[in-house]
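What you see below is based on every heavy atom in this structure, not just the backbone, and it leaves out hydrogens, waters and symmetry mates. Just so it is clear: chains get the letters A, B, ... in the order the sequence lines come, proteins before strands, and each one is counted from 1.
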Amino acid sequence: MCLGVPGRIVEIADAEKKLGLVEIAGVRRLTNLACVAADADAVRASLGGWVLVHVGFAMSRIDEEEAQRTLGLLQEMGEVMELQEQLAAGDEARRGAGVAGGGLAAPPPMMGMPDGGE
Amino acid sequence: MKFVDEFRDPKLGKQLLQGIARLAAEIDRPLKLMEVCGGHTHAIFRFGLEALMPDNVDLVHGPGCPVCVLPVGRVDDAVAIAEHPNVVFATYGDAMRVPGSKKSLLGAKAEGCDIRTVYSPVDALAIAQAEPDKEVVFFGLGFETTTPSTALTVKQAAALGVTNFSVFSNHITIVPTLKALLDSAGENIDGFVGPGHVSMVIGLQPYEFVTRDYRKPIVVSGFEPLDVLQAIHMVLTQIAAGEAKVENQYTRVVREGGNPMALQALLEVFELRSYFEWRGLGTINHSGLQLREPYAAFDAEKRFAVPQLSVADPKACQCGEVLKGALKPWECKVFGTACTPETPIGSCMVSSEGACAAYYNYGRLSVLKSKPEAKAATRPAPRPSDEQPEAAE
Ligand code: SF4
C-alpha cells in the first residue's frame, strides 16, 4: 500500500471535484488531484502532466527536468569513473613495467583494498 | 514505463556499485546504513541490492513499514470493530494477515465478518454511500504518505454529509519514530537512506535534527534501483568526507518544502496523540495521529467500544530487534520455520515491505550469510569508548 507509482493525467474527469483519469502502466484510474492542483483551473492545466499516485491520490507532480538531471548526473559520474579507471590502468601498466626490472616493489601506499575482513 | 525503466539501467547501476565499492574501501570500517522506509526494503530485495554491497557495508531495514509496526492490541481492536454486527470493515490488503492475539482480520473474515479490501480510502467512502444501512469503517494506516488521502476522504465525507463512515486511525508520523530509533539504537547506525514518499509530503526540513543532534547523514531517496544506489553513494560520500547533511536524491518527486496542500489537509483533520504503541518498539510519544474534535463523528474509536488493550508480542517474536536493525531476520529463532508469510507470528513477515517477508520471499540467504560482515556487523562499529560486548552475537 505504500508503493507509489508514476502515471500520466490523460483526462480531466471533474475539474470542480479535482478528479482526473491517470494512466498507470496502460490502465486508467480515477484519481484525486486535490494535492497537486489548488483549484479547478489548476486541475485543467494539469492535463498531460506526470504525477506520483498513492492509494488513489496524486501526491506529487513528477518533474521531468529533474528526472533528466538525475540521470545526467549519473551518466557523468559514470564517464568520470571510466576515465579514472583508464588512468589507473595506465598507472598500473607503468608500475608493472618498473617492477619487472626491480623485483618486488613495495605496495603503493594508500591502496588499502577491501580485503573482506574488518 | 516512464520514470521507472530509465532508473533501472544496468550499466549506470554497475558504475554506481563501483563507486560505492571505492568509497567503502576508502572509509575502511564496518558501516551500517539504515533504510527507514519499507518501500526501500522491498526495492533492495526485489533487485538483490543487498548482496551487491561491499563486505563492510551492511544494509539494515528500519521500522518504516506501517503494517509491520502495528501492535497486537490494535489488531485486536480492529477485529473487535469488525465483529460488530452491521459493520463493513474496509482495509488495505496488506493488513489482512497481521496477527492479533487471537486472530487476524483474515481470520475474522473467515468467521463471517464483513471485511473488504480496498485500494483507496475513497473506495471505503463509496461503499458507505452505496450501502447507507451499513456502518463502514476504514482502517487508516500509514505514515505521512497515506495520511493526507485519509484526511481528504474524511473531509469529503463531511462535505457530503455521509454519516455511516468512520476511520479507525492508526496513522503514524515519521519524525518521533526516527528520534526514538536514534535514541535507542542510533549508535549502531552510520547513516540513513531517507523515506522518499513521506518526504514528498513533509519536505526535507523535518530531518535537520538527524544531522544536527545526532551527526548522521540522511539522503532522501527514490525507489528504483539507481535511486537507492545513488542515495547509498551519497551517504558514503558524506561519511568519507566526515559530513552529516540532509540531502535529496529524489528531486524529481520531493521538493524542499514538501507538499503544502497535502500537509494542510493532514493538519486540518489530524492531531498528534500523546502516545502510541508500536510493535516491538514499545510506546513512542507523539508518534500516532487521531482525528481532531471537529471530525470526531468520523472517529471509529469514539463510535465503537474498542478494548484498547496493550497486548504483549508473542514470546518467540523478535520483530522489535529486527525493526531496530539489531538483528537480521534469519537470526530470529522462528524465522522460516514457525514464522512464514502463510503463518506469520510477527508482523515483519506479513507485508511485502517487511524485512522478514522480504528475506523469506527473495531469499539469497546463502549469499548474504556468507558475507563476513553480515554477521560481524551486528556488532556495533568499533569505537574507542565502546566496551559492551553485544548479546546478539
Ligand atoms: S521471523 Fe517472524 S517473529 Fe521473527 S522477527 Fe521476523 S516476523 Fe518477527
Side-chain angles (χ1 to χ4, degrees), chain A residues 1-8 17-19 23-26 29-38 42 50-71 73-82 84-85 88 110-118, chain B residues 1-4 6-7 9 11-12 15-16 18-19 21 24-26 28-30 37-39 42 54-56 65-67 92-95 119-123 141-143 145-146 148-149 152 196-197 200-201 223 226-227 230 249 251-255 259 261-262 265 353 372-373 376 382:
Chain A
M1 100 208 180
C2 284
L3 304 176
V5 273
R8 186 172 205 172
K17 287 189 181 155
K18 299 180 183 165
L19 293 174
E23 189 171 292
I24 299 165
R29 245 183 214 285
L30 192 63
T31 303
N32 187 305
L33 304 175
C35 288
V36 294
W50 286 82
V51 286
L52 200 96
V53 179
H54 262 268
V55 299
F57 289 71
M59 270 296 145
S60 183
R61 289 174 187 259
I62 303 179
D63 188 327
E64 299 207 49
E65 262 172 48
E66 282 295 341
Q68 283 316 320
R69 196 168 310 157
T70 303
L71 288 170
L73 270 176
L74 290 177
Q75 211 97 43
E76 242 170 64
M77 195 171 108
E79 279 156 23
V80 170
M81 281 176 43
E82 250 164 44
Q84 280 173 341
E85 243 152 60
M110 301 294 296
M111 289 291 284
M113 288 306 290
D115 55 12
E118 287 125 298
Chain B
M1 199 155 98
K2 193 170 156 87
F3 297 117
V4 170
E6 312 91 290
F7 290 92
D9 181 306
K11 181 161 165 269
L12 292 178
Q15 284 164 345
L16 270 170
Q18 287 167 355
E26 187 188 319
D28 197 26
R29 63 180 164 91
C37 173
H42 182 85
D55 283 345
N56 63 329
C65 155
V67 169
Y92 296 123
D94 310 40
Y119 157 75
S120 164
V122 291
D123 297 344
L141 285 171
F143 284 95
T145 325
T146 52
S149 310
L152 285 164
H197 291 155
M200 82 185 162
V201 173
F223 294 87
L226 287 189
D227 291 321
Q230 190 185 19
Q249 180 278 332
T251 50
R252 63 188 184 278
V253 166
V254 174
R255 324 272 177 263
N259 182 336
M261 286 182 272
E353 292 153 40
E373 283 308 319

Identify the two heavy atoms, one from [X] and one from [Y], that lie closest to each other, and give their separation to 0.1 Å.
X: Arg255(B); Y: Ser60(A); value: NH2-OG, 3.8 Å
X: Gln15(B); Y: Leu74(A); value: OE1-O, 4.5 Å
X: Val4(B); Y: Pro6(A); value: CG2-CG, 3.8 Å

Problem - Structural part of Lys11(B) lying under 4.5 Å from a heavy atom of chain A - result: side chain

Handout entry: Residue Ala262(B) versus chain A: region with a heavy atom under 4.5 Å
Key = both

Exercise for the section: Go through the atoms of Ala38(A) and report whether side chain, backbone, both or neither lie under 4.5 Å from a heavy atom of chain B. Expected result: both

Practice task
Could you look at Leu52(A) and say if it's the side chain, the backbone, both or neither that has a heavy atom under 4.5 Å from chain B?
Solution key: side chain

Exercise for the section: Answer yes or no: is there a donor N or O on one side and an acceptor on the other, between the side chain of Asp63(A) and the main chain of Val253(B), under 3.5 Å? Expected result: no

Exercise for the section: Would you check if the side chain of Asn259(B) reaches a backbone N or O of Val36(A) as a donor-acceptor pair within less than 3.5 Å? Expected result: no

Does the side chain of [X] reach to within under 4.5 Å of the side chain of [Y], using non-hydrogen atoms?
X: Gln75(A); Y: Leu12(B); answer: yes
X: Phe57(A); Y: Pro148(B); answer: no
X: Val55(A); Y: Tyr119(B); answer: no

Practice task
With sequence neighbours excluded, tell me which residues meet side chain to side chain contact (heavy atoms under 4.5 Å, CB included) with Val5(A).
Solution key: Ile24(A)

Rounded to the nearest 0.5 Å, how far does [atom2] of [Y] lie from [atom1] of [X]?
X: Ser120(B); Y: Asn32(A); atom1: OG; atom2: CG; result: 8.0 Å
X: Leu73(A); Y: Thr251(B); atom1: CG; atom2: OG1; result: 8.5 Å
X: Leu71(A); Y: Leu226(B); atom1: CG; atom2: CG; result: 7.5 Å

Exercise for the section: In plain terms, say whether Arg252(B) and Glu65(A) are close enough for a salt bridge, that is, a side-chain N and a carboxylate O under 4.0 Å apart. Expected result: no

Completion exercise
Highest number of heavy-atom pairs under 4.5 Å with chain B among Arg8(A), Lys17(A), Met59(A) belongs to Met59(A)

Practice task
Sort out for me which of Gly56(A), Ala67(A), Cys35(A) touches chain B most, counting heavy-atom pairs under 4.5 Å.
Solution key: Cys35(A)

Looking only at heavy atoms and a cut-off of under 4.5 Å, which of [options] has the most pairs with chain A?
options: Val122(B), Asp9(B), Leu152(B); value: Leu152(B)
options: Glu6(B), Lys2(B), Gln249(B); value: Lys2(B)
options: Ser149(B), Pro121(B), Gly93(B); value: Ser149(B)

Problem - Set of ring-ring contact (aromatic ring centres under 6.0 Å, His included) partners for Phe7(B), sequence neighbours left out - result: none

